[in-house]
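Working notes, beginning with the structure itself.
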Amino acid sequence: MGINAFTKTGNTVTFTASSTPPTPVQVTNTTIGGNQYRIINAGNVTVFLGYGTTAALATAAAAEVTTTGEAFPLLSGTDEILTFVPNAYFTGYSASNAVVYITPGDGV
């Protein structure tokens with residue numbers, strides 16, 4: 001099994017993380033079971049990414065920065081490929097506005 005470059009399998013979505021997490025966005029794949037995402041934090045502050053199978057779960061996770069640690073920290077300028085559930089919802093908390101881009105796909 002070889003390692004493949006990241007291949008886009010759906011449309012890129014964006015949201016602006018802030019001190020009040022915005023309405024979650026759903027990132028859908030054109031393939032069945034796709035669950036990898038290229039996530040870019042284009043802001044200059046850390047974003048605490050909330051994710052889940054529903055918008056409500058993503059919002060709850062973003063709010064859990066310190067109590068349960070459910071939020072996933074994305075340092076400023078981060079460009080990561082991460083694995084979550086297929087067709088996940090995402091939102092984010094940050095001290096000030098930070099634009100986040102998420103593209104579904106497959107590979108590294």
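Residue numbers start at 1 and run along the sequence shown.
- Although no hydrogens or angles enter the test, the distance criterion places no donor-acceptor pair under 3.5 Å between the side chain of Asp106 and the main chain of Thr7.
- Rounded to the nearest 0.5 angstrom, Ile102 CD1 and Tyr89 OH are separated by 13.0 Å.
- Summarising the geometry, atom CD1 belonging to Ile81 is positioned 6.5 Å from atom CZ belonging to Arg38; distances are rounded to the nearest 0.5 Å.
- Annotation: the span from Asn97 atom CG to Asn44 atom CG amounts to 10.0 Å, rounded to 0.5 Å.
- Checked by atom type and distance alone, the side chain of Glu70 never pairs as donor or acceptor with a backbone atom of Gly50 at under 3.5 Å.
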Would Phe48 and Ser94 satisfy side chain to side chain contact (heavy atoms under 4.5 Å, CB included), going step by step from the backbone distance to the final call? CA-CA 6 Å; Phe48 293 92; Ser94 63; over 6 Å; no
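- Hydrophobic clustering of Ile, Leu, Val, Met, Phe, Trp and Tyr side chains at less than 4.5 Å, counting indirect connections, keeps Phe15 apart from Tyr101.
- Once rounded to the nearest 0.5 Å, the distance linking CG of Asp79 with CG of Leu74 reads 10.5 Å.
- Note on ring orientation: taking the six-membered ring where Trp is involved, the planes of Phe72 and Phe84 are perpendicular (angle over 60°, cut-offs 30° and 60°).
- Rounding to the nearest 0.5 Å gives a distance of 12.5 Å between OG1 of Thr91 and CG of Leu57.
- Residues Asn29 and Thr9 have side chains that bring a donor and an acceptor to within less than 3.5 angstrom of each other.
- The six-membered or imidazole ring of Phe90 lies near that of Tyr37, with a centre-to-centre distance under 6.0 Å.
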